[in-house]
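Working notes for the structure below.
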Amino acid sequence: MQKPSMLMIQGDLDRMRHSRDSAHPLSTISAIRHGGPWLQSITWLVIITFTMLILAPTAEAVHAELDRPPALPPATAEAQFSAHMVELTERVKQWRRALDPNGFTKMHEAERGRSALAKLRSDLSVLDRQVRDSLEQSAAALQSREISTVILEREQDTAAHYEQKYAELEQRLA
């Protein structure tokens with residue numbers, strides 16, 4: 001049996017389209033339906049291949065998008081200050097653990113802890129300034145919008161509470 005060439009397939013398709021009724025030629029779909037099993041199998045192969053070429057990259061892109069973690073917004077001054085406070089607390093705990101029950105420290109651990117605490121404290125003052133600036137900006141924004149006095153009082157209470165707690169922290173670190 002002879003394998004059909006592309007010219008033979010095209011010729012068969014053209015004959016089928018015009019064979020039934022020359023006044024009403026068959027559509028391409030009707031010609032494929034009546035074209036026999038080999039033409040139908042080639043048609044299905046083309047349809048499946050085309051569909052896979054469209055769906056595979058789309059599915060891969062969706063999968064990659066779902067695997068990517070969501071982008072986090074940049075950290076605010078308050079968030080940086082909070083993270084810094086957590087790190088400072090952990091360093092103090094490590095330093096306390098370096099003390100033995102008699103109150104003596106291991107000298108090299110104590111010196112490392114002291115220098116780390118000094119660096120954290122200097123970074124803390126920078127972050128404190130950023131938090132204070134942020135509090136001032138939010139207070140100015142609230143006042144410019146003529147917000148109710150209850151909200152303004154809460155903002156002032158928040159700023160006063162922050163300043164009180166920061167003063168306590170400075171006393172403990174001194």
Side-chain angles (χ1 to χ4, degrees), residues 1-95 97 109 112-113 115-117 119-148 150-151 154-155 158-159 162 165:
M1 188 165 165
Q2 191 179 14
K3 290 186 177 180
S5 69
M6 287 305 287
L7 290 175
M8 289 174 59
I9 293 171
Q10 184 66 37
D12 287 347
L13 186 58
D14 287 340
R15 269 192 312 266
M16 298 225 20
R17 288 179 70 192
H18 299 292
S19 66
R20 295 237 171 170
D21 186 358
S22 59
H24 299 300
L26 292 174
S27 68
T28 304
I29 294 175
S30 296
I32 291 171
R33 282 186 189 150
H34 299 292
W38 61 270
L39 189 55
Q40 289 177 357
S41 62
I42 289 173
T43 303
W44 279 112
L45 179 67
V46 169
I47 290 171
I48 291 170
T49 303
F50 181 75
T51 303
M52 292 307 295
L53 288 174
I54 297 295
L55 290 181
T58 304
E60 190 173 318
V62 168
H63 184 65
E65 186 69 27
L66 292 176
D67 285 346
R68 186 178 339 147
L72 297 175
T76 62
E78 291 85 358
Q80 290 176 343
F81 185 82
S82 177
H84 209 70
M85 288 301 297
V86 168
E87 184 179 352
L88 183 65
T89 304
E90 290 300 316
R91 293 285 181 159
V92 168
K93 285 180 185 177
Q94 288 174 355
W95 205 26
R97 276 187 238 126
E109 288 182 26
R112 269 193 316 202
S115 64
L117 284 174
K119 182 180 180 330
L120 286 171
R121 188 168 182 195
S122 68
D123 292 346
L124 192 64
S125 64
V126 171
L127 291 171
D128 172 56
R129 184 71 253 156
Q130 291 175 355
V131 169
R132 288 176 192 264
D133 289 344
S134 176
L135 288 170
E136 289 171 6
Q137 288 173 358
S138 63
L142 290 173
Q143 288 175 354
S144 70
R145 293 189 181 135
E146 298 176 5
I147 304 290
S148 72
V150 174
I151 295 174
R154 287 182 185 166
E155 172 67 24
T158 301
Y162 171 78
K165 291 298 182 181

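This one's a predicted model, so the numbers in the text were calculated from it and none came from an experiment.
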Fill in: Within-4.5 Å side-chain heavy-atom neighbours: Gln130 and Leu127
yes

Item to complete: Under the side-chain hydrogen bond (donor to acceptor under 3.5 Å, both in side chains) rule, collect the residues that match up with Ser138, sequence neighbours excluded.
Response: Glu155

Worksheet item: Between OG1 of Thr58 and CG of Leu53, what distance do you get to the nearest 0.5 Å?
Response: 10.5 Å

Practice prompt. Just jot down the side-chain contact (heavy atoms from CB on, under 4.5 Å) partners of Ser144, sequence neighbours excluded, or say none.
Written response: none

Practice prompt. Can you measure from CZ (Phe50) to CG (Leu55) and round to the nearest 0.5 angstrom?
Written response: 9.5 Å

Worksheet entry | side-chain contact (heavy atoms from CB on, under 4.5 Å) involving Gln137 - partner list, sequence neighbours excluded | none

Discussion item. Using the salt bridge (charged side-chain N to carboxylate O under 4.0 Å, His left out) criterion, which residues pair with Arg132? Sequence neighbours excluded.
Written reply: Asp128, Glu163

Worksheet item: With sequence neighbours left out, what residues match Thr43 under side-chain hydrogen bond (donor to acceptor under 3.5 Å, both in side chains)?
Response: none

Discussion item. Quick test of your reading: applying salt bridge (charged side-chain N to carboxylate O under 4.0 Å, His left out), list the pairs with at least one residue in residues 55-65, sequence neighbours left out, ordered by first then second residue.
Written reply: Glu65-Arg68

Practice prompt. Would you indicate whether Arg154, at its atom CZ, is surrounded by more than 12 heavy atoms from other residues, nucleotides or ligands within a distance under 6.0 Å?
Written response: no

